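Note that the structure is predicted; figures quoted are calculated from it, not measured. Letters A, B, ... are given to chains in the order of the sequence lines, protein chains preceding strands, and every chain is numbered from 1.
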Protein chains: 2
Amino acid sequence: MRGQALKGHLDLLLLAILADGAKHGYAVIDELRTRSDETFDLPEGTVYPALHRLDKAGLLASEWTVVQGRRRRTYRLTDRGRGALGEQRHAWQVFTGAVQSVLGGVSWPDTP
Amino acid sequence: MRGQALKGHLDLLLLAILADGAKHGYAVIDELRTRSDETFDLPEGTVYPALHRLDKAGLLASEWTVVQGRRRRTYRLTDRGRGALGEQRHAWQVFTGAVQSVLGGVSWPDTP
DNA sequence: ATACTATACCAAGGAATGCTAGGTGTCAAG
DNA sequence: CTTGACACCTAGCATTCCTTGGTATAGTAT
C-alpha cells in the first residue's frame with residue numbers, strides 16, 4: 001500500500017496497539033504490521049517520533065529496560081491515554097461514516 | 001467535528017462529489033457539507049487549492065462561466081480523474097479495513 | 001443610501017505530521 | 001568477520017490542511 005494515507009490517524013493506531021499491554025517501539029511496529037496484514041509497514045522514523053510525541057503529551061508513559069544486552073524503551077498507556085483512545089475511536093467512526101456518506105452519493109458507476 | 005482528520009483523503013471526497021456531475025467550487029463545498037450531514041464543513045482555503053491541485057494534475061478540467069453577474073469556475077472529472085477515483089476508492093477500503101483490524105485487536109474494553 | 005449577508009473566487013504563510021536518510025550499538029548466524 | 005535482525009535516535013524535507021485576508025457581485029434589510 002502506498003503510505004501517507006494515515007495522516008492524523010497514526011496516534012489512534014498506536015494507542016490501540018498499546019491498549020493490549022505495554023510494548024517497546026520495535027514491537028509496536030511489528031504488531032502494527034502483523035495486525036494489519038502487512039498493510040501498515042511503517043518506518044522507524046515514523047513511529048519513534050510519534051511515540052515520543054504521545055509520551056510528551058502524557059498519553060503514554062515510558063520506561064527503559066535492558067533485555068539481553070539491548071536497551072528497550074517500553075511504553076504503556078496512561079489513564080489520559082486510555083481516555084484519548086476512546087475519543088479517537090469515536091472520532092474515527094464519525095469520520096468514516098461521513099466519508100461513506102459522501103462516497104455513497106448519487107451514482108455508483110465504478111463500485112458494483 | 002474537529003477537522004484536519006481528512007488529511008490525504010480530501011482528493012477522494014472531491015472526486016466523488018464531482019463524479020455526479022460538474023460543479024463549481026462553492027457548490028462542491030455545499031454538497032460536501034450536505035452529504036456528510038455537516039461533518040465536513042470545509043473552509044474555502046482548503047477546497048480551492050485542492051481543486052487547483054487536481055486540475056493541475058489532470059484529474060479535473062475547469063471552465064469559466066458567468067452566472068448572474070458572478071463568475072464561476074466549473075470543474076468536471078476527466079477520464080484520468082475517473083480512473084483515480086476508482087483507485088482511491090479501493091485504497092480507502094483497504095485502508096479502513098486495515099485500521100479496523102488494528103482497532104479490533106485483542107481486547108475491546110471500551111467499545112461494547 | 002447603506003450596511004450586511006450570501007455567493008464566488010483567490011493567494012500567502014503557518015502548523016502539523018509522516019517520511020527519507022542517516023547515525024549508533026548489540027547479538028546471533030554464516 | 002560480515003551480514004542481518006534487533007533496537008534506538010534525530011534532522012530536515014515534503015505534503016497538505018487551515019488561518020487569514022483580500023476582491024467582487026447580488027439581494028435584502030435598515
Would you say the side-chain atoms of B:Arg76 pair up with the backbone N or O of B:Ala22, donor to acceptor, closer than 3.5 Å?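 Side chain of B:Arg76 to backbone of B:Ala22, a donor-acceptor pair under 3.5 Å: no, none is there.
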How long is the line joining [atom1] of [X] and [atom2] of [N], in whole Å?
X       : N      : atom1 : atom2 : result
B:Arg72 : C:dA6  : CZ    : P     : 17 Å
A:Leu6  : C:dC19 : CG    : C1'   : 10 Å
A:Leu42 : D:dA7  : CG    : C1'   : 16 Å
A:Leu10 : D:dT16 : CG    : P     : 17 Å

Per A:Tyr75 side chain, nearest of listed nucleotides D:dC9, D:dC8, C:dA8: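 It is D:dC9.
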Please work out which residues in residues 43-57 of chain B have a non-hydrogen atom less than 4.0 Å from an atom of DNA chain C and list them by number.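 B:Glu44, B:Gly45, B:Tyr48, B:His52 - these, ordered by number, are the residues of the stretch whose heavy atoms sit under 4.0 Å from the strand.
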Look at B:Arg71 and C:dC9 and indicate whether a side-chain polar atom (N or O) is within less than 4.0 Å of OP1 or OP2.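 B:Arg71 to C:dC9 OP1/OP2: no side-chain N or O under 4.0 Å.
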Ignoring backbone atoms, establish whether A:Arg73 has a side-chain N or O less than 4.0 Å from OP1 or OP2 of D:dC9.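 So the side-chain polar atoms of A:Arg73 do come within 4.0 Å of the phosphate oxygens OP1 or OP2 of D:dC9, strictly under.
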Hey, does A:Leu42 have a side-chain heavy atom less than 4.5 Å from the side chain of A:Leu6?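 A:Leu6 reaches A:Leu42 side chain to side chain.
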Please round to the nearest 0.5 Å and tell me the distance separating atom CG of B:Leu18 and atom CZ of B:Arg82.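 Separation between the atoms: 9.5 Å.
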May I ask you to say what A:Arg70 touches in the nucleic acid, namely base, sugar-phosphate or nothing, with a heavy-atom cut-off under 4.0 Å?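 Touches a base.
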Are B:Arg33 and B:Asp30 within salt-bridge range, i.e. N to O under 4.0 Å?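 Looking at B:Arg33 and B:Asp30, the cut-off is met.
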